[in-house]
Asker: 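Here you go, one structure.
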Amino acid sequence: MPDEVVAQIADRTDGVPLFVEELTKSVLESGLLREEGDRYVLDGALPAFAIPTTLHASLLARLDRLASVRLVAQIGATIGREFSYELLRAVSRLPEDELQVSLARLVASELVFQRGTPPDALYTFKHALVQDAAHSSLLRGARQQLHAQIAGALETHSPEIMENQPELLAQHYAEAGLVEKSVALWGEAGRRSVARSAMAEAAAQYHKGLDQLALLPDDPKRKRQELELRSSLSAVLIAVKGFAAPETGDAYARARKLWEKLGSPGEFLQIPYGQSRYHMNRGELDLAQRLDKDLLRLSRQRNDAAGLVLGHYSSGRTLVFAGRFASSRSQLEEAVALYNPISHGSLVQQAAVDPQVASQAYLGIVLFCLGFPDQALARSSAAVAEARRLAHPPSLASSLMNGTTVLLLVGDDAALDERANQLVAVTTEQGFPFWGAVGTIYRGWVKVKNGDVAEGISLLRSGSTAYRATGARVWMPYHIALLARAYEIAGQIEEGLTQLDDALQIVERTGERWLDAELYRHKGQLLLRQGHSEAAEELYRNALRIAEQQQAKLWELRASVSLARLRRDQGRRAEARDLLAPVYDWFTEGFDTPDLKEAKSLLDELG
């Protein structure tokens, strides 16, 4: 090619291969060059701007030179990046021979590739930019008319599309300006994506439905449709963004306003439920408890069993973090008892996780704290097994997180490693930020327990950072407590104390008191290692008092062991035995955990 042509091509394309190829073809098809032997020469002077300055302009110029097939390219581009011969024929209504000749020319231009032979042929635009250029060359009215014709042809000739790919029809109806049909199909597409746990796709589809809905008059019908879409979107965002993400909270707040405007319809009780979950995960426990009470009151007034399942589960979950274990157990067991898998199966989509699975999983933690480790493990295992049977990834991730927590609390290090790996695998595959961050934290603790303390601390810190990025605040005192234990193992006592003080400050700010006794006991343990026995004894006493008030027998046992060991070292052996023996005797015989083994060993030593 002449140097000045090559220079312009290089200048306009910045070396992007597709741009180079298309602009070169555009120049060759323009008639500006004449072939002479092994080279091209300019057939006259190179006019200004003879080479299009953008790829889009280049492609349009090539389509203009293929005027006889331009309509076929435009219809194909309106169908999509890939289009079939049969659908193209149905929409274009061109005679068979004319259609095939036009397609052959389009394929010869290398703008479109062909697979198979008509009538079973499939065609693909070489690049999305080629499709865009052809599609944008249509006037708005013609483009809308084509989209409407395509949607109609799909419904007539490919009815399975409506069931399997409603998003495809939704997009065509949206482009056609047929808003009501588009809204309905985007909603159906979102529900279908949720059913196969494609949560990110579902969120995008619900957003598109809402965008279309905004084009309709603001009447009661539109408000009802918007409530349905916003309610569904809110639940999906829990998995996509996290329970406490600002996007999740905003979605629930918008849905709540609509819900109240429409008289708080009972079929949307998942909205106040979701709001409670949002505030609970942000550490706003008082507000979450008020929302739980409102949900239960409204459900009782309406004798709404599904609302009661959600209300009892939500209340039980919030009460766990408030440290009210007995009340939490009662609420969670009520949710499990009321749940009917036939009539309440749809709650899994409304609540983001299956309420029965989640209630069982939280019962595992509650029962452990109350002093029933055998029952805790049984509930936890049942929750994971049921989540696997349902094949519902958010429920599985939730149950694995709580199940891993129970194993960590119990001290079953072997099972903990396996369960933590399962949690990481699910959250990585599904892209769940909230549960994924917890998985990283627990993997860090496994590393610490296996002796790789430096790597473990790094994972604990990075996981905590990712967790805070989701907006969540509950569980943070526990995550910080794990980091403090890791620093203790590393011999960094001052850093451990700093972490525990941070955790206690969060407790005072949020009211998350389920771990209160353990935080004070652990702080006492670190102070004792520095020789501050009086301060340690005061903290042990405080931990024991809190555990007794919460009826948390496991925390009471741990605090009693720490205080009894201190009294033994002070020569007060009888006091130590009298303190520890009644708590140890309370536990069911025949079930051993590291806590019970430690208590028994100390009692044997004390005689």
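Sequence positions, counted from 1, serve as the residue numbers for this chain. When reading the values below, keep in mind they use all heavy atoms of this one structure, side chains included, and skip hydrogens, waters and symmetry mates. In this text the structure is predicted, and so the values were computed from the model without any measurement.
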Asker: Quick check: does any side chain N or O of Ser328 sit under 3.5 Å from a backbone N or O of Arg324, one acting as donor and the other as acceptor?
Answerer: no

Asker: Count the heavy atoms of every other residue, nucleotide or ligand shown that sit under 6.0 Å from CD of Gln149, and state whether that count exceeds 12.
Answerer: yes

Asker: Could you tell me the separation between the CZ atom of Phe321 and the CG atom of Leu285, rounded to the nearest 0.5 Å?
Answerer: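 These two atoms lie 8.0 Å from each other.
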
Asker: Surrounding CZ of Arg282 (heavy atoms of other residues, nucleotides or ligands, distance under 6.0 Å), is the total greater than 12?
Answerer: yes

Asker: Do the side chains of Thr318 and Tyr313 get nearer than 4.5 Å, heavy atoms only?
Answerer: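 Sidechains of Thr318 and Tyr313: no contact.
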
Asker: Distance from Leu338 atom CG to Gln356 atom CD, nearest 0.5 Å?
Answerer: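 Going from the CG atom of Leu338 to the CD atom of Gln356 covers 11.0 Å.
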
Asker: Over 60° means perpendicular and under 30° means parallel, so classify the ring planes of His147 and His135, tilted if in between.
Answerer: perpendicular

Asker: Counting C-beta onward and ignoring hydrogens, is there a side-chain heavy-atom pair between Pro394 and Phe432 closer than 4.5 Å?
Answerer: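 Counting from C-beta outward, Pro394 and Phe432 do come under 4.5 Å.
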
Asker: Hey, does the Lys NZ or Arg CZ of Arg329 hover above the aromatic six-ring of Phe372, less than 6.0 Å from the centre and inside 45° of the axis?
Answerer: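 Yes.
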
Asker: Can you tell me if Ser380 uses its side chain to pair, donor with acceptor, with the backbone of Ala376 under 3.5 Å?
Answerer: no

Asker: Under 6.0 Å from the CD atom of Glu418, do we count more than 12 heavy atoms belonging to anything else shown?
Answerer: no

Asker: Could you tell me which residues satisfy side chain to side chain contact (heavy atoms under 4.5 Å, CB included) with Glu160, sequence neighbours excluded, listed by chain and number?
Answerer: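 Per chain and number, Glu160 pairs via side chain to side chain contact (heavy atoms under 4.5 Å, CB included) with Ser158, Asn164.
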
Asker: Go through the side-chain N and O atoms of Gln131 and Arg81 and say whether any donor and acceptor fall under 3.5 Å apart.
Answerer: no

Asker: Under a 4.5 Å cut-off applied to non-hydrogen side-chain atoms, are Tyr173 and Val183 in contact?
Answerer: no

Asker: Does a side-chain N-to-carboxylate-O contact under 4.0 Å join Asp250 and Arg254?
Answerer: yes

Asker: Establish, yes or no, whether a centroid distance under 6.0 Å links the rings of Tyr467 and Trp475.
Answerer: no

Asker: Just by distance, do the side chain of His157 and the backbone of Ala153 share a donor-acceptor pair under 3.5 Å?
Answerer: no

Asker: Run through Arg558, Lys553, Arg521 and flag the one making a salt bridge (Lys or Arg N to Asp or Glu O under 4.0 Å) with Asp595.
Answerer: Arg558

Asker: Distance-only, no hydrogens or angles: does the Thr427 side chain make a donor-acceptor pair with backbone N or O of Val424 under 3.5 Å?
Answerer: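 At least one qualifying donor-acceptor pair exists.
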
Asker: Find out whether Gln165 and Glu167 are in side-chain contact, i.e. whether some heavy atom of one side chain is under 4.5 Å from a heavy atom of the other.
Answerer: yes

Asker: Is there a donor-acceptor contact under 3.5 Å linking the side chains of Gln171 and Glu175?
Answerer: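 The answer is yes; a qualifying pair exists.
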
Asker: Salt bridge between Glu260 and Arg256, side-chain N to carboxylate O under 4.0 Å?
Answerer: yes

Asker: Will you find, in the side chains of Ser231 and Gln270, an N or O donor that is under 3.5 Å from an N or O acceptor?
Answerer: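 Yes - a donor-acceptor pair under 3.5 Å links their side chains.
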
Asker: Could you walk me through whether Ser276 and Leu295 pass the side chain to side chain contact (heavy atoms under 4.5 Å, CB included) test, one step at a time?
Answerer: CA-CA 9 Å; Ser276 168; Leu295 175 56; over 6 Å; no

Asker: Quick one: CG on Leu554 to CG on Leu367, what's the gap to the nearest 0.5 Å?
Answerer: 11.0 Å

Asker: Please name all residues satisfying side chain to side chain donor-acceptor pair (under 3.5 Å) with Arg388, sequence neighbours left out, ordered by chain then number.
Answerer: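 Gln422.
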
Asker: Among side-chain atoms of Arg317 and Ser314, is any donor-acceptor pair under 3.5 angstrom?
Answerer: yes

Asker: When rounded to the nearest 0.5 angstrom, what distance separates CD1 in Ile238 from CG in Asn281?
Answerer: 8.5 Å

Asker: Looking at Glu508 and Arg513, is any side-chain nitrogen of the basic one under 4.0 Å from a carboxylate oxygen of the acidic one?
Answerer: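 Yes, charged N to carboxylate O under 4.0 Å.
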
Asker: Are side-chain N/O atoms of Tyr442 and Thr405 paired as donor and acceptor at under 3.5 Å?
Answerer: yes

Asker: Is any side-chain heavy atom of Tyr520 closer than 4.5 Å to a side-chain heavy atom of Trp555?
Answerer: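 A side-chain contact under 4.5 Å is absent here.
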
Asker: Say whether, by atom type as modelled, one donor and one acceptor occur between the side chain of Thr156 and the main chain of Gly152 under 3.5 angstrom.
Answerer: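 Present.
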
Asker: Taking it one step at a time, do Leu396 and His392 satisfy side chain to side chain contact (heavy atoms under 4.5 Å, CB included)?
Answerer: CA-CA 6 Å; Leu396 179 58; His392 185 244; over 6 Å; no

Asker: Do Phe243 and Phe434 have ring centroids that are under 6.0 Å from one another?
Answerer: yes

Asker: Spell out, as yes or no, whether a donor-acceptor pair under 3.5 Å connects the side chain of Ser182 to the backbone of Ala170.
Answerer: yes

Asker: Do the side chain of Ser330 and the main chain of Ala326 share a donor and acceptor less than 3.5 angstrom apart?
Answerer: no

Asker: Is a side-chain donor-acceptor pair under 3.5 Å present for Tyr273 with Asp292?
Answerer: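 Absent: no donor and acceptor within the cut-off.
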
Asker: Does a salt bridge link Arg419 with Asp412, judged by any charged N lying under 4.0 Å from a carboxylate O?
Answerer: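 Looking at Asp412 together with Arg419, the answer is no, because their closest N to O distance does not fall below 4.0 Å.
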
Asker: Step by step, would you call Glu188 with Arg192 a salt bridge (charged side-chain N to carboxylate O under 4.0 Å, His left out)?
Answerer: CA-CA 6 Å; Glu188 179 58 33; Arg192 186 176 177 276; over 6 Å; no

Asker: Mind running salt bridge (charged side-chain N to carboxylate O under 4.0 Å, His left out) on Arg224 and Glu267 for me, showing each step along the way?
Answerer: CA-CA 12 Å; Arg224 175 75 184 200; Glu267 60 269 38; 2.5 Å; yes

Asker: Roughly how far, to the nearest 0.5 Å, is the CG atom of Asp501 from the CD1 atom of Ile506?
Answerer: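 It comes to 11.5 Å.
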
Asker: Can you list everything that forms a side chain to side chain contact (heavy atoms under 4.5 Å, CB included) with Arg300? Sequence neighbours excluded, please.
Answerer: Leu296, Leu308, His312

Asker: Is there a salt bridge (charged side-chain N to carboxylate O under 4.0 Å, His left out) between Asp417 and Lys449 once you walk through the steps?
Answerer: CA-CA 10 Å; Asp417 194 355; Lys449 293 292 286 185; over 6 Å; no

Asker: Tyr206 side chain to Val236 main-chain N or O, any donor-acceptor pair under 3.5 Å?
Answerer: no

Asker: Is it true that, when you exclude Gln301 itself, more than 12 heavy atoms of the residues, nucleotides or ligands shown sit nearer than 6.0 Å to its CD?
Answerer: yes

Asker: Between Phe368 and Val410, is any pair of side-chain heavy atoms under 4.5 Å apart?
Answerer: yes

Asker: Which is it for Glu548 and Arg545 under the salt bridge (charged side-chain N to carboxylate O under 4.0 Å, His left out) test, yes or no, and what are the steps along the way?
Answerer: CA-CA 5 Å; Glu548 290 171 345; Arg545 176 184 57 79; over 6 Å; no

Asker: Output yes when a side-chain donor or acceptor of Ser232 lies under 3.5 Å from a complementary backbone atom of Glu228, and no otherwise.
Answerer: yes

Asker: Report the residue from His207, Gln205, Lys181 that forms a side chain to side chain contact (heavy atoms under 4.5 Å, CB included) with Trp186.
Answerer: Gln205

Asker: Below 4.0 angstrom, N of the basic side chain to O of the carboxylate: do Glu226 and Lys223 qualify?
Answerer: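 No, no charged N to carboxylate O under 4.0 Å.
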
Asker: Taking side chain as C-beta onward, heavy atoms only, is Ser299 less than 4.5 Å from Leu269?
Answerer: yes

Asker: Quick check: do Leu519 and Lys523 have side-chain heavy atoms less than 4.5 Å from each other?
Answerer: no

Asker: So, Arg297 and Asp294, do they make that salt bridge, N to O below 4.0 Å?
Answerer: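 Here Arg297 pairs with Asp294 in a salt bridge, since their nearest N and O are under 4.0 Å apart.
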
Asker: For Leu146, does its backbone N or O pair with a side-chain atom of Thr78 as donor and acceptor, under 3.5 Å?
Answerer: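 Side chain of Thr78 to backbone of Leu146: no pair is present.
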
